[in-house]
Amino acid sequence: MLLLPPHAHYFFPALTTFTLGHRHRVTFFVYAANGIAGDGHVHRFQGTTDLDAEHFHRITGYTGPAIPLESGAHFHWIQAEAEEEPFQFREGYYKTVLTIPRHSHRFAGPTGTGIGYFPEGW
């Protein structure tokens, strides 16, 4: 059985929607998955937005399926929503910010092509 190569992707910086007078920047790597350009595989991701308006949001989800490029490489489209709970990192812990109303932000954009493949011949 042939095991497809594991790889990850970088999600280039994107801005979230503007909500409650602010927006967040989002950038992350997706978790490694096995797959190639034409097999429709997806990747899981999780992380946080950048800090704005004195809080962060958690982000989790799955990419869309692999989108092949003429070069044989591929990328994924991500369309997601940050979780509605605003939080801060205080005294070594993540704490919900109760003075900011719960709200969410949407974001979307492409990943880069796959990274982390072993060189041919390995």
Side-chain angles (χ1 to χ4, degrees):
M1 177 176 165
L2 177 64
L3 185 61
L4 298 174
H7 64 284
H9 297 265
Y10 179 65
F11 181 73
F12 291 96
L15 291 175
T16 66
T17 52
F18 195 74
T19 306
L20 292 180
H22 69 281
R23 63 179 8 141
H24 298 270
R25 194 175 85 130
V26 178
T27 183
F28 53 85
F29 288 91
V30 301
Y31 286 110
N34 296 62
I36 55 174
D39 68 358
H41 71 278
V42 298
H43 296 260
R44 187 176 189 293
F45 63 86
Q46 71 176 19
T48 63
T49 64
D50 283 357
L51 177 70
D52 195 10
E54 299 185 16
H55 69 278
F56 302 87
H57 292 269
R58 291 175 182 87
I59 53 174
T60 60
Y62 289 89
T63 67
I67 300 170
L69 297 169
E70 287 184 24
S71 66
H74 69 280
F75 70 98
H76 298 264
W77 186 260
I78 294 177
Q79 186 169 340
E81 188 168 357
E83 293 180 14
E84 66 177 18
E85 176 187 7
F87 71 95
Q88 296 173 330
F89 190 71
R90 295 280 187 237
E91 301 168 5
Y93 297 95
Y94 290 108
K95 296 183 178 183
T96 299
V97 181
L98 300 175
T99 57
I100 300 172
R102 286 182 175 255
H103 63 283
S104 63
H105 302 269
R106 292 183 308 282
F107 64 94
T111 68
T113 56
I115 56 175
Y117 291 107
F118 283 113
E120 273 195 49
W122 268 66

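Being a predicted model, the structure only gives us computed values, none of them experimental.
With sequence neighbours excluded, the residues that form a side chain to side chain contact (heavy atoms under 4.5 Å, CB included) with Ala37 are Pro68, His74. Under the rule for a side chain to side chain contact (heavy atoms under 4.5 Å, CB included), the partners of Ile36 that lie at least two apart in sequence or sit in another chain are Leu4, Pro5, Asp39.
Among all heavy-atom pairs drawn from Phe18 and Arg23, the shortest one is N-NH2, 3.9 Å. Gln88 approaches Val97 most closely through the heavy-atom pair CG-CG2, 3.2 Å. Taking all atoms of both residues into account, the shortest heavy-atom contact from Leu51 to His24 is C-ND1, 4.3 Å. The heavy-atom pair separating Ile100 from Pro86 by the smallest distance is O-CG, 3.8 Å. The two residues Glu83 and His57 have their closest heavy-atom pair at O-ND1, 2.8 Å.
Contact check for Glu54 versus His22: no side-chain heavy atoms found under the 4.5 Å cut-off. Using a 4.5 Å cut-off on side-chain heavy atoms (C-beta onward), His76 and Phe11 make no contact. Glu81 has its side chain within reach of Arg106: a pair of non-hydrogen atoms, C-beta onward, lies under 4.5 Å apart. Between Ile78 and Val30, some side-chain heavy-atom pair lies under the 4.5 Å cut-off. Counting heavy atoms from C-beta outward, His43 and Tyr31 have side chains that stay 4.5 Å or more apart.
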For Phe107 and Ile59: C-alpha separation, side-chain torsions, deciding distance, then whether side-chain contact (heavy atoms from CB on, under 4.5 Å) applies. CA-CA 10 Å; Phe107 64 94; Ile59 53 174; 3.8 Å; yes
Start with the C-alpha distance between Gln46 and Arg58, add both sets of side-chain angles, then the distance that settles side-chain contact (heavy atoms from CB on, under 4.5 Å), and finish with yes or no. CA-CA 7 Å; Gln46 71 176 19; Arg58 291 175 182 87; over 6 Å; no
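Residues Phe29 and Phe12 are members of one and the same hydrophobic cluster, defined by side-chain heavy-atom contacts under 4.5 angstrom among Ile, Leu, Val, Met, Phe, Trp and Tyr. In the hydrophobic clustering of this structure, Val26 groups with Phe45; members are Ile, Leu, Val, Met, Phe, Trp, Tyr whose side-chain heavy atoms approach within less than 4.5 Å, directly or through other members.
Atoms NE2 and CD1, from His9 and Ile115 in turn, are 8.0 Å apart once rounded to the nearest 0.5 Å. Atoms OG and CG, on Ser104 and Leu20 in that order, are 9.5 Å from each other to the nearest 0.5 Å. The distance from atom OH of Tyr94 to atom OG1 of Thr48, rounded to the nearest 0.5 Å, is 6.0 Å. Rounded to the nearest 0.5 Å, atoms CZ (Phe75) and OG1 (Thr63) are 11.0 Å apart.
In Tyr10, the OH atom is crowded: over 12 heavy atoms of neighbouring residues, nucleotides or ligands sit closer than 6.0 Å.
In this structure, Thr19 contributes its side chain and His105 its backbone to no donor-acceptor pair below 3.5 Å.
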